[in-house]
Number of protein chains: 2
Amino acid sequence: MLDAYTDLLERRGERAATLDAVARAAGVSKGGLLYHFATKHALEAGLLARLDTLVTADLAAMRTAPEGPVEHFLRSSASDDTPFDRTLRAVARLSQSSDAARQALADVNTRWLAQIRDAVGDDDLARTILLISDGIYYGSALLREQGDPTAGPGAREIDAAVRVIRRLAGNEGDGADGSRGSLAARAD
Amino acid sequence: MLDAYTDLLERRGERAATLDAVARAAGVSKGGLLYHFATKHALEAGLLARLDTLVTADLAAMRTAPEGPVEHFLRSSASDDTPFDRTLRAVARLSQSSDAARQALADVNTRWLAQIRDAVGDDDLARTILLISDGIYYGSALLREQGDPTAGPGAREIDAAVRVIRRLAGNEGDGADGSRGSLAARAD
DNA sequence: GTCTATAGATGGATAGAC
DNA sequence: GTCTATCCATCTATAGAC
């Protein structure tokens with residue numbers, strides 16, 4: 001049922017994610033849905049709880065990614081096939097009218113920033129990487145159409161950003177060869 | 001009436017922007033509102049038409065900004081007091097469930113990219129700047145709460161991004177002194 | 001042009017059978 | 001646990017007075 005709710009939020013927006021539509025998509029009746037989630041607010045709370053679990057797992061995956069945490073982070077910003085990204089996009093849509101969802105997104109950002117700063121050792125660069133990720137993410141979350149996954153930022157934008165950050169990371173000083181400076185730091 | 005519609009979309013989301021609420025906020029009755037905009041769809045179309053007018057003016061302002069087009073562009077990404085930015089945020093909210101609004105946002109991005117690329121002369125950097133701007137913009141659009149303008153990215157994030165881009169621009173080659181390379185190009 | 005009144009559809013939620 | 005039936009509020013839109 002949370003899957004159906006996520007899918008509707010992501011693909012058709014908050015307004016279309018009615019109890020009726022969620023129940024139909026989940027293959028149950030409205031009454032059946034309301035047995036598990038007594039109110040619409042409870043359904044939302046269930047989604048936010050799931051997000052919290054998934055973000056913890058994502059941070060752990062970032063730390064051990066072979067391409068390094070930053071590149072893994074940016075490339076996964078537009079991924080559309082993991083439960084985590086789908087949940088995040090759904091919550092972003094909810095955040096329009098829900099303070100709790102907005103707070104949940106802010107918390108995710110805070111946790112990401114801490115880990116990226118830890119990886120690159122540069123507060124300015126970490127915040128900029130977060131912004132680039134937000135650009136990729138929100139663009140892909142909001143501009144993506146139902147049937148057109150090519151809308152919004154795609155591989156082209158992400159590759160451009162990765163190259164730009166590599167230039168910076170390569171010029172930082174501690175690195176050396178220019179192809180992988182602090183970008184890939186702590187990836188080993 | 002478009003002002004009232006914009007304000008409701010921006011502050012309380014698509015779902016709260018009902019004909020009733022818009023009419024009340026505009027100080028007219030529902031019937032009065034529907035005299036000028038026969039359907040809700042017509043109201044939306046009116047907002048998109050206004051956006052088109054405002055983006056044209058914004059591109060012109062970018063070209064003549066004293067701090068250069070890129071810095072002007074990034075700093076204005078989180079501005080909350082211009083009619084253009086308020087309209088853009090409102091349309092971003094509509095884009096959840098409206099194909100026309102989504103297309104309008106994509107068009108704005110296309111026009112921005114062309115102008116930024118023209119200013120920095122580097123496609124990768126231009127696309128990255130767009131992503132940073134989207135990060136600032138969507139963050140400020142979506143995380144901003146009714147009474148808390150400090151949520152989402154603020155001056156701190158923007159300053160960080162400007163410094164990072166300056167580093168890049170200063171390292172580009174054609175510039176020289178490092179404090180203003182292609183960043184401020186064509187600003188004179 | 002702007003209003004009130006109301007129609008018709010749909011939203012969230014409850015009651016009670018099975 | 002899941003269903004159908006139903007209540008009540010609200011939404012878009014129409015009709016018609018002023």
Side-chain angles (χ1 to χ4, degrees), chain A residues 1-51 87 89-104 142 146, chain B residues 1-51 87 89-104 142 146:
Chain A
M1 295 174 180
L2 283 179
D3 287 343
Y5 184 42
T6 299
D7 200 58
L8 275 166
L9 279 174
E10 192 188 358
R11 299 229 298 241
R12 303 197 35 223
E14 174 202 13
R15 204 166 180 180
T18 66
L19 292 181
D20 233 324
V22 171
R24 214 174 317 122
V28 296
S29 71
K30 214 194 300 198
L33 172 62
L34 284 165
Y35 172 77
H36 296 280
F37 298 96
T39 66
K40 203 175 189 202
H41 185 262
L43 187 61
E44 181 190 319
L47 191 65
L48 297 186
R50 172 186 275 193
L51 176 65
T87 304
R89 277 196 292 270
V91 173
R93 299 221 148 165
L94 271 182
S95 73
Q96 270 198 90
S97 56
S98 157
D99 284 345
R102 206 155 19 214
Q103 184 59 49
L142 297 181
Q146 292 82 323
Chain B
M1 295 174 179
L2 284 178
D3 287 343
Y5 184 42
T6 299
D7 199 59
L8 276 165
L9 279 173
E10 193 188 356
R11 300 228 297 242
R12 302 196 37 221
E14 174 200 12
R15 204 164 181 179
T18 66
L19 292 181
D20 231 326
V22 171
R24 213 173 318 119
V28 296
S29 71
K30 211 193 301 197
L33 172 63
L34 284 166
Y35 172 79
H36 296 281
F37 298 96
T39 67
K40 205 175 189 203
H41 185 261
L43 186 61
E44 181 190 318
L47 191 64
L48 298 186
R50 172 186 275 191
L51 176 65
T87 304
R89 276 196 292 270
V91 173
R93 300 221 147 163
L94 271 182
S95 73
Q96 270 198 78
S97 57
S98 156
D99 285 345
R102 204 154 23 212
Q103 184 59 48
L142 295 181
Q146 291 84 321

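Here is the naming used below: chain letters follow the sequence lines, and residue numbers restart at 1 for every chain.
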### Summary
From the candidates C:dG11, D:dT4, C:dG1, the one with an atom nearest any side-chain atom of A:Ser29 is D:dT4
### Query
Okay, side chain of B:Arg93, backbone of B:Leu9: is any donor-acceptor separation there less than 3.5 Å?
yes
### Task
Specify the separation, in whole Å, of atom NZ of B:Lys40 and atom C1' of D:dC11.
9 Å
### Message
What is the distance, to the nearest angstrom, from the OH atom on A:Tyr35 to the P atom on D:dC3?
### Response
13 Å
### Query
Has the side chain of A:Lys30 got a donor or acceptor atom sitting under 3.5 Å from an opposite partner on the base of C:dG12?
yes
### Query
In whole angstrom, what separates A:His36's NE2 from C:dA13's C1'?
16 Å
### Side chains of A:Val22 and A:Val28 in contact at under 4.5 Å (non-hydrogen atoms)
no
### Task
Compare the minimum distances between each of C:dA13, C:dG11, D:dA13 and the side chain of A:Asp20, then state the nucleotide with the smallest one.
C:dG11
### Task
Hey, could you give me the CG/CE distance between A:Leu19 and A:Met1, rounded to the nearest 0.5 Å?
11.5 Å
## Note on the structure
Whole-Å distance, B:Leu43 CG to D:dC11 C1', equals 14 Å
### Among D:dG1, C:dA13, D:dT14, the nucleotide that comes nearest once only the side chain of B:Leu34 is considered
D:dT14
### Nearest-angstrom distance from the residue atom CE of B:Met1 to C1' of C:dC3
12 Å
### Message
In this structure, how many angstroms lie between the P atom of D:dT10 and the CZ atom of B:Arg24, rounded?
### Response
10 Å
### Message
Please determine whether a side-chain nitrogen or oxygen atom of A:Arg15 lies at a distance below 4.0 Å from atom OP1 or OP2 of D:dT10.
### Response
no
### Message
I want to confirm an ordering. Mapping A:Ala16 and A:Gly31 to their closest nucleotides on DNA chain C, which one lands closer to the 5' end?
### Response
A:Ala16
### Query
Taking the side chain as C-beta and beyond, is there a heavy-atom pair between B:Leu2 and B:Phe37 under 4.5 Å?
yes
### Query
Any idea which of D:dT2, C:dG12, C:dC3 is nearest the B:Val28 side chain?
C:dC3
### Query
Got B:Arg24 and B:Leu8 here, is their nearest side-chain heavy-atom distance under 4.5 Å?
no
### Task
Starting at atom CD of A:Glu44, determine the distance to atom P of C:dG11, rounded to an integer number of angstrom.
18 Å
### Query
Atom CZ of A:Phe37 and atom P of C:dG11: how far apart are they, to the nearest Å?
20 Å
